[in-house]
> 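Submitted below is the structure of interest, expressed as structure tokens.
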Amino acid sequence: MQQPFPFPLRLQVVERRFPFRRPATTSRGVYHERRVWYIVVMARDGRPGFVGIGECAPLYDLSADYTPDYPERLSDICRTMETTGQVDDDVLRRLPSMRFGLETALLSAEASLRGHHTRLIDSAFARGEEGIAINGLVWMGSREEMAQRMEEKLAAGYRCVKLKIGGIAFDDEVALLDSLRRRFPRRQVELRVDANGAFAPDEALERLRTLARFDLHSIEQPIRAGQWEEMARLCRESPVPIALDEELIGVNATTEKAALLDTIRPAYLVLKPSLHGGLAGTAEWMRLAAVRDIPYWVTSALETNVGLNALAQWTAVVPQRIWQENAPQGGHRRALPEVHGLGTGQLLVDNFRDTRLHIHGDRLWNADDSQCRFVAQYADFCHLWHDTAVTAFTVKTSGSTGEPKVMQVEKRYAEASARATCAFLNLPRGAEALVAMPLEHIAAQMQVVRTQVWPLKAVVVAPTAHPYARLDHAPYFAALTPHQVWATLQVPHEARLLARTACLLIGGGSISDALAERLSSLPVQVWSSYGMTETLSHIALRRVNGPQPDAAYRPLPGVRLTTDSRGCLVIDVPHIGVSALHTHDVVTMNADGSFTVVGRTDNVVCSGGLKFAIEPLEQRLQLDAATCVLTAVPDTQYGQALTLLYAAVPPAVRALDTSSSHTPADTARAWRAYCAARLSRYEVPKHFIAVTSIPGTPTGKPSRAAIARLAAARLENDDN
């Protein structure tokens with residue numbers, strides 16, 4: 001193995017011990033504590049951001065490479081890598097847990113150069129878009145304890161449960177299996193059992209015939225390893241499919257691996273890289289098994305979340321790929337089991353926390369609960385979209401000027417709108433598209449529709465201000481709110497990915513001058529959209545950057561625009577079912593059909609007989625809507641009084657606060673001076689109110705109704 005970097009490395013070995021939440025019993029004994037060694041990779045020149053971490057987690061009673069001097073030998077391996085830049089593969093073949101730790105530490109270091117050291121291998125799993133099906137694990141214990149643990153796994157939603165057997169009386173284990181199968185047939189729950197070599201050869205076949213009554217998926221290692229002829233006989237005669245596990249430990253040479261498989265001919269292999277040759281050695285087992293049509297699945301060996309994270313990301317990609325490339329072609333080809341054994345991270349107290357590993361139902365996710373729920377929402381919407389019996393779907397309006405409303409959207413109109421957008425933006429078919437806004441609203445729903453009808457490859461990220469935080473590479477196309485874009489630009493890694501997003505569509509609110517300035521230099525297409533729920537997202541776009549940015553919104557093909565007596569925009573788009581839609585947006589129409597938005601008739605304040613449109617005032621003050629907004633409150637003298645709410649003080653305002661105390665009154669005086677320099681005397685707000693945050697809609701717009709209520713409540717409380 002060679003280190004893959006053009007600069008010298010420093011490798012450090014760190015020992016950690018983790019207690020088990022409850023004693024973990026196997027036929028070999030009881031584990032109370034997990035002792036592991038982390039390999040930490042750094043650059044000798046101390047370059048910032050470069051780090052890798054891998055886990056060496058031998059089992060003292062099972063691993064082929066564990067000896068009392070394990071840490072000293074591991075340190076020698078790391079020093080060899082430091083000084084020579086490589087370690088002999090023949091040496092590492094005999095050291096599976098050390099090989100796994102070194103392999104994953106280097107993968108982690110490479111990942112740190114792409115953004116984060118825990119994102120080793122790009123896949124839908126690594127991005128948090130898919131989970132890996134895992135089995136629930138029921139450890140040995142008394143019959144009552146095992147029954148209780150089984151109930152816990154079934155209640156958690158596991159469809160495949162693995163029971164450790166061989167530690168209590170066989171009759172009690174049979175009774176437990178009998179009670180389970182009476183309640184849960186195989187179509188509901190798949191049962192696997194692991195004997196860990198507990199059966200004697202002369203009793204094994206009889207016990208396997210007894211266990212066959214319970215319609216088991218498989219049994220792992222019924223007799224001790226090393227008895228090839230006995231195991232071969234059992235595999236031929238057993239009514240329960242046999243999977244090899246411990247049998248593979250210490251078998252390192254390719255020829256010996258092939259001989260073992262040809263002699264025993266098991267039904268399955270259960271592969272643990274920490275025990276079976278690291279990632280490279282395990283991949284070799286997979287290739288040899290695949291050409292012999294022997295399926296396999298991957299199981300952890302009680303690693304902490306460092307090793308489990310690497311193993312899960314590898315499992316999400318490699319096993320299926322190797323099977324597809326090597327398994328026999330034709331009608332008799334078997335399928336790989338979908339369920340892996342990767343749920344053991346929850347067994348340890350104070351596990352490594354710098355990962356996103358999370359069990360949701362019966363799947364392991366590289367995501368938190370919010371991401372799991374969002375992926376499920378995305379899948380539900382896609383299912384609804386492809387359901388030919390359903391012709392429409394439900395959407396909520398944004399609620400920016402009042403309470404959200406619910407409306408029905410016909411699929412045929414949504415498809416027409418999606419195709420028009422994709423064609424206008426000239427999006428390549430199959431390109432990646434980021435879906436990262438709430439799916440109750442039209443902006444996200446239309447982004448999903450675009451992925452389905454164009455089609456595009458969806459990159460699904462739960463709505464957050466930082467959608468690029470969990471990504472290692474940029475999608476081709478993203479649809480985001482101004483708030484998401486602004487927050488993304490504040491984080492260097494996220495900003496770099498945004499700058500590589502070929503086409504960025506910004507909607508759901510106006511783009512401030514400060515944001516427009518930041519976007520002007522991006523080497524990608526940036527578009528601002530105009531539209532609303534009723535128009536199935538946007539009907540007009542404005543290029544924000546480039547050599548000739550647009551000053552006005554340009555309607556998409558097929559869109560007809562006029563104005564009414566109020567000067568408000570009227571929209572006709574027959575191909576998406578929009579006819580004579582009167583908006584509240586006051587616009588200036590240009591001769592070429594483009595338009596600029598001046599304000600809204602429902603955002604007009606009448607104060608002392610004078611009318612003020614809120615949006616133009618906010619633009620003149622250069623307010624960031626995420627932190628500073630204007631509203632109106634009832635006023636006995638003027639009818640309504642302009643009021644400014646702020647969750648942050650811009651630098652230009654802070655510079656006007658020359659007092660040493662910086663009290664709220666001092667800040668209000670600074671705000672008043674700032675506004676007076678930019679507005680007429682009648683336009684300067686009467687009240688300035690500090691708040692913790694500006695109320696917003698789920699789509700990122702300021703919630704004008706909630707803002708007005710908050711301002712009125714705050715003033716009422718202050719008066720009292």
Side-chain angles (χ1 to χ4, degrees), residues 22-31 133-224 230-231 233-247 266-270 295 297 299 337-341 343-344 346-347 359 361-363:
R22 65 175 81 172
T25 304
T26 75
S27 60
R28 297 184 305 275
V30 181
Y31 294 119
I134 60 174
N135 61 254
L137 181 60
V138 175
W139 287 91
M140 290 180 182
S142 68
R143 178 177 171 182
E144 293 74 20
E145 289 172 334
M146 293 182 71
Q148 178 185 349
R149 293 168 189 170
M150 184 71 180
E151 293 287 351
E152 292 171 355
K153 297 302 178 185
L154 296 174
Y158 285 96
R159 293 170 293 121
C160 175
V161 179
K162 172 180 168 179
L163 292 88
K164 294 278 189 178
I165 63 173
I168 61 176
F170 183 68
D171 288 345
D172 285 342
E173 292 170 340
V174 168
L176 173 62
L177 289 167
D178 183 61
S179 66
L180 291 173
R181 265 297 175 243
R182 287 179 185 274
R183 294 174 54 204
F184 303 102
R186 183 164 181 169
R187 67 176 181 275
Q188 289 183 259
V189 178
E190 179 181 286
L191 289 178
R192 300 176 181 178
V193 296
D194 183 2
N196 288 126
F199 299 163
D202 58 358
E203 67 181 5
L205 187 58
E206 180 182 351
R207 290 193 170 189
L208 291 168
R209 288 169 177 158
T210 300
L211 294 173
R213 292 163 27 203
F214 308 119
D215 200 12
L216 303 180
H217 172 273
S218 58
I219 181 170
E220 296 178 29
Q221 204 68 41
I223 63 175
R224 285 185 297 105
E230 287 292 337
M231 187 67 84
R233 179 181 64 83
L234 287 177
C235 288
R236 289 193 303 270
E237 300 179 14
S238 172
V240 179
I242 292 176
L244 299 187
D245 180 357
E246 289 91 338
E247 197 71 62
Y268 300 104
L269 297 186
V270 183
W297 64 88
T299 301
E338 295 181 357
V339 180
H340 297 275
T344 55
Q346 62 187 335
L347 301 175
I359 294 177
D362 67 343
R363 302 182 87 83

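Numbers here are sequence positions counted from 1. Computed from a predicted structure; not experimentally measured.
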> Are R224 and P201 side-chain neighbours, meaning at least one heavy-atom pair lies under 4.5 Å?
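Counting from C-beta outward, R224 and P201 never come under 4.5 Å.
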
> Could you tell me the separation between the OG1 atom of T210 and the CD atom of E173, rounded to the nearest 0.5 Å?
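That separation rounds to 12.0 Å.
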
> Are D172 and M146 packed together at the side-chain level, in the sense that at least one heavy-atom pair is separated by less than 4.5 angstrom?
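Contact flag for D172/M146 side chains = no.
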
> Say you draw a straight line from OG of S218 to CD of E190; how long is it, rounded to the nearest 0.5 Å?
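Nearest 0.5 Å value for the OG-CD distance: 7.0 Å.
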
> Assign the ring pair W297 / H217 to parallel, tilted or perpendicular, where the plane angle (0 to 90°) is split at 30° and 60°.
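Because their plane-to-plane angle is over 60°, the rings of W297 and H217 count as perpendicular.
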
> I want to check something: taking the side chain as every heavy atom from C-beta on, are V189 and L180 in contact at a cut-off of under 4.5 Å?
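Sidechains of L180 and V189: no contact.
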
> Would you say the side chain of C160 lies within less than 4.5 Å of the side chain of D362, judging by non-hydrogen atoms?
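D362 vs C160: side chains apart.
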
> Keeping E247 on the side-chain end and Q221 on the backbone end, is there a donor-acceptor pair under 3.5 Å?
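Not a single qualifying donor-acceptor pair exists.
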
> Under 4.5 Å between any side-chain heavy atoms of V138 and E152, yes or no?
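A side-chain contact is absent here, since even the closest heavy-atom pair is not under 4.5 Å.
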
> Has N196 got a side-chain atom pairing as donor or acceptor with A198's backbone, closer than 3.5 angstrom?
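Absent.
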
> Check whether any side-chain heavy atom of V339 sits under 4.5 Å from a side-chain heavy atom of R159, and report yes or no.
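In short, these two side chains do not touch, never coming nearer than 4.5 Å.
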
> Taking W139's backbone N and O only, do any of them form a donor-acceptor pair with R149's side chain (distance below 3.5 Å, no angle check)?
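Pair found, side chain donor or acceptor close to backbone of W139.
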
> Starting at CZ of F214, measure out to CG of L191 and round the result to the nearest 0.5 Å.
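Atom-to-atom, F214:CZ and L191:CG are 10.0 Å apart.
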
> When rounded to the nearest 0.5 angstrom, what is the spacing between CD in E220 and CG in D245?
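CG of D245 is found 5.5 Å from CD of E220.
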
> Sort out for me which residue in V174, L176, V193 forms a side chain to side chain contact (heavy atoms under 4.5 Å, CB included) with I165.
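Exactly one pass, corresponding to V193.
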
> For a 4.5 angstrom cut-off between non-hydrogen side-chain atoms, does M150 reach S179?
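Result no, sub-4.5 Å side-chain heavy-atom pair not found.
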
> To the closest 0.5 Å, what do you measure between CG (L216) and CZ (R181)?
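Between atom CG of L216 and atom CZ of R181 there are 7.0 Å.
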
